[in-house]
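Only this structure's heavy atoms are used, side chains among them; waters, hydrogens and symmetry mates stay out. Treat the numbers as computed from the prediction; the structure is a model and nothing was measured.
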Amino acid sequence: MQNSLNKERNIVEFTSPTTKTTTDVIKGSTISPVSKLNEMSKTAQITPIKANCVCVIKKDGTREEFDNNKIVNAVKKSATRVLVELSDVELKEICDFVDSNIVKMNKTEVTIADMHNLVEGALEHINPKVASSYRNYRNYKQDFVHMLDKVYQESQRIMYIGDKENANADSTLVSTKRSLIFNELNKELYKKFFLTVDELQAIRDGYIYIHDMSARRDTMNCCLFDVASVLKGGFEMGNLWYNEPKSLDVAFDVIGDIVMAAASQQYGGFTVAEVDKILAPYAEKTYERQYNKYICLGLDFEKAREAALNDVQKDFEQGFQGWEYKFNTVASSRGDYPFITVTAGLGTGLYEKMATKTMLKIRMGGQGKKECKKPVLFPKIVFLYDKELHGEGKVNEDLFKAGVECSKKTMYPDWLSLSGEGYVASMYKKYKRVVSPMGCRAFLSPWFERGGMKPADENDAPIFVGRFNIGAISLHLPMIYAKAKKESKDFYEVLDYYMELIRQLHIRTYDYLGEMKASINPLAFCEGGFLGGHLGIHDKIRPILKSSTASFGITALNELQEIHNGKSLVEDGQFALEVMEYINKKIQEYKEEDGILYAIYGTPAENLCGLQIKQFRKKYGIVANVSDKPYISNSFHCHVSEQISPIEKQDLEGRFWDLFNGGKIQYVKYPIDYNTEAVETLINRAMDKGFYEGVNLSLSYCDDCGHQELNMDVCPKCGSKNLTKIERMNGYLAYSRVKGDSRLADHKMEEIKDRVSM
């Protein structure tokens, strides 16, 4: 026990002109160390300054009078943390030890660091376990200082420079700045308290990337929210009861409120699936009310019917326009514009078709001044395509034609094939269940109504609406490959290590979120927005998590092929295919062993596409066609600069389609000036292949005269540079230019500049 005084952290040596060091005096003595030290203070041959006359200099430079009560409180807290109760005698000995040594220092001011050393020195003799607790808490507070300093630096950058990590967030707004600063703090807390040392090292080096660290401890990721279930019979929101709407205009308002409220309680994409079918019953109610009104006014059947249908049409137009205003101008409590997606196109009834056609019409018409209208970004529209409904001569062919016209002008809708090949189409063809994308590209794995991960019997069917994802973590495959080569290890051995890290992170996330109460998102967990979501506000959400997915993201597959043999996905791609087949097999094993719906996700790297280049260069330098550009390729896409035709790109990327069933989109650039026939031909081809297809154009709008054309930087009509430009970010659209400025990061702008095939 006495020798512990010699530990480096706890040596407390104070000398007077005629005394030995504290350590020398107590060494070999039979007197208790603290008592002996107190004796020394009485015999010291100096004129001591009384401890109660000393000021303590705190970390921030301020001074306060020395107070033994603060020592007692701090020591008691440290003891409580390790389930120890110190006696009054022990507390007095600690205080006496500190007092005596302050006197020996013969100073009027003592730093807080010296005070901590004195307390630690006393505790080492009284109770080493408490000393360790005190020391750990001290280090913990020091860590917090460093963490908060980092947050402060980030806050200054956000306040005065802005942030372009998320194209949906306008960092010029005060509310967004506040949210971004909080996110920085939450991200640091996540790293400090949730991650192991190995996981922290992996993300710092760049071998894996944990998406949305600022929100992962609080809530879930993207979802297919069950709006129809919430509306049915009424619901409670914000401690107020909402009756189920009795008309179309009220339904639009209420759905808008539900979406904004629920989307704020999560992160990632928020999808309202088959919105045409959700709205149709409320359109019928409006029709019946208006029809009866016109009959009472004396109109005959035909005129009453025509007038009532006109009223329904107006409500659809005003409703969709209202959504476009709300979803593009009202930021959520997260500080960004919620990533809202709606899917439609399968409804064959009068009101369902009216809903889809009107939605497309409003999007094509744009918003803004009469002479300067331009399309909005949200909601993202996805057209659900079934060849038996939308093919030539079929009942919904008119909807398909309207969708093509809209895509060639606004890039939306994107197109999801339900009648081609692959996973999504197979679910629809076998069960008539639609796997709508969550946000820009994430897809849910099947969860069966009675059997869960596997069907209970041949009559069991999967359910998708009302489910969600708990987060994505991406593998940086080129870096993992480079590490394996540098360390002379097998690539798959190193890959296994990082996949296992991600696996364990997902398992802990499930366990952590499972302890959350339903009150964190009442619309989802208490009012039926999520599958099984009729819990009490104090119930834990663990039972609902079982149907959620957890994603393993993949970036830079093209660069993986390049680092392997110096060839791109266009030139080769065989090794990339082998790696994805291996990952798929491994993930299937994880699913069976853990009972968790893991999914493989083609990561839509936004800010990440630049970050991963920096991380690679720091470790492995600049490698030709791997890290020599300021961005990496997204997921399984060919490099954007490839000189290939849209058909070639569809075929090359189609090789990987069934290996990314947890999240994928295929898109090609249409180097054509609003050519309807070309757009329609390529969409049809993509639908036959079973793709989720995006139409890529570079839309440009002059904010001064209203002129619009593809990819202009100066208005040829009025000479203005005051342009709005819309580009495809990844799976969704974003502003690459707004009044001369951009919400996109520099590396993303470089990628856009290089685009040929995308």
Side-chain angles (χ1 to χ4, degrees), residues 222 224 226 228 269 271-280 341-349 352-353 355-357 359-360 379-404 406-407 412-449 455 461-467 549 599 602 650 653-654 657-667 679-695 731:
C222 46
L224 297 182
D226 193 348
T271 293
V272 182
E274 299 189 75
V275 71
D276 49 343
K277 295 182 180 179
I278 294 174
L279 292 169
T341 298
V342 296
T343 67
L346 294 180
T348 58
E352 293 161 338
K353 294 185 66 170
T356 301
K357 275 188 175 179
M359 179 171 62
L360 297 170
K380 172 184 165 93
I381 301 172
V382 176
F383 194 103
L384 303 174
Y385 178 90
D386 177 359
K387 195 168 187 176
E388 293 303 311
L389 293 177
H390 303 106
E392 187 175 353
K394 303 298 183 181
V395 63
N396 278 1
E397 183 188 8
D398 54 338
L399 297 186
F400 173 71
K401 297 292 186 182
V404 171
C406 192
S407 285
Y412 283 154
D414 287 341
W415 299 81
L416 181 63
S417 173
L418 303 178
S419 52
E421 302 300 321
Y423 161 62
V424 173
S426 72
M427 290 292 107
Y428 180 74
K429 287 188 283 190
K430 184 173 182 178
Y431 300 105
K432 289 301 176 185
R433 299 292 174 89
V434 177
V435 193
S436 290
M438 301 183 293
C440 74
R441 69 174 68 196
F443 290 98
L444 290 161
S445 303
W447 179 264
F448 291 86
E449 293 174 345
I463 185 167
F464 297 99
V465 174
R467 294 173 51 211
T549 57
Q650 285 181 342
E653 294 181 352
W657 192 249
D658 291 330
L659 299 172
F660 286 84
N661 285 335
K664 53 189 177 181
I665 188 170
Q666 201 281 328
Y667 33 61
V679 173
E680 186 173 324
T681 298
L682 286 170
I683 290 173
N684 274 320
R685 190 174 191 275
M687 294 301 94
D688 287 342
K689 295 176 78 67
F691 285 167
Y692 171 36
E693 178 81 357
V695 174

Heavy-atom nearest pair, Val465 first then Ala273, reads CG2-CB, 4.2 Å
Is there a side-chain contact between Leu384 and Val434 in this structure, where contact means two heavy atoms from C-beta onward sitting under 4.5 Å apart? yes
Are the side chain of Lys353 and the backbone of Val395 linked by a donor-acceptor contact shorter than 3.5 Å? yes
Just verifying a value: how many Å separate Thr343 OG1 and Asp276 CG, rounded to the nearest 0.5 Å? 7.5 Å
Distance check, rounded to the nearest 0.5 Å: Phe383 atom CZ versus Met687 atom CE? 10.0 Å
Between atom CG of Leu418 and atom CG of Asp386, what is the distance when rounded to the nearest 0.5 Å? 6.5 Å
Start with the C-alpha gap between Glu392 and Glu397, add the side-chain angles, then the distance that decides, and say whether side chain to side chain contact (heavy atoms under 4.5 Å, CB included) holds. CA-CA 6 Å; Glu392 187 175 353; Glu397 183 188 8; 4.0 Å; yes
Nearest heavy atoms of Ser407 and Trp415, plus distance in Å: OG-NE1, 3.0 Å
Where do Phe400 and Asn684 land on the side chain to side chain contact (heavy atoms under 4.5 Å, CB included) test, with the steps shown first? CA-CA 10 Å; Phe400 173 71; Asn684 274 320; 3.6 Å; yes
I'd like to know if the side chain of Ser417 and the backbone of Phe691 have a donor-acceptor N/O pair within less than 3.5 Å. no
Taking all atoms of both residues into account, what is the closest heavy-atom pair of Gly345 and Asn396, and its distance? O-ND2, 3.2 Å
Rounded to the nearest 0.5 Å, what separation is found between the CZ atom of Arg441 and the NZ atom of Lys664? 11.5 Å
Non-hydrogen atoms of Leu346 and Glu274 that approach each other most closely: CD1-OE1, 3.8 Å
Any side-chain heavy-atom pair of Ile665 and Cys440 under 4.5 Å: no
Closest non-hydrogen atom pair, Thr271 against Gly439: OG1-N, 3.0 Å
Measuring from Glu352:CD to Lys277:NZ, what's the distance to the nearest 0.5 Å? 6.5 Å
Working note: Met438 + Arg467, criterion side chain to side chain contact (heavy atoms under 4.5 Å, CB included); need CA distance, chi angles, decisive distance, verdict. CA-CA 10 Å; Met438 301 183 293; Arg467 294 173 51 211; over 6 Å; no
Does Lys430 make a cation-pi contact with Tyr428 (under 6.0 Å, within 45 degrees of the axis)? no
Backbone of Tyr423 reached by a side-chain donor or acceptor of Ser426 within 3.5 Å: yes
Scanning both residues in full, the closest heavy-atom pair of Gly662 with Ala599 reads CA-CB, 3.7 Å
Salt-bridged, Asp398 to Lys357, with N to O below 4.0 Å? yes
Strictly under 6.0 Å, is that where the ring centroids of Tyr692 and Trp657 end up? no
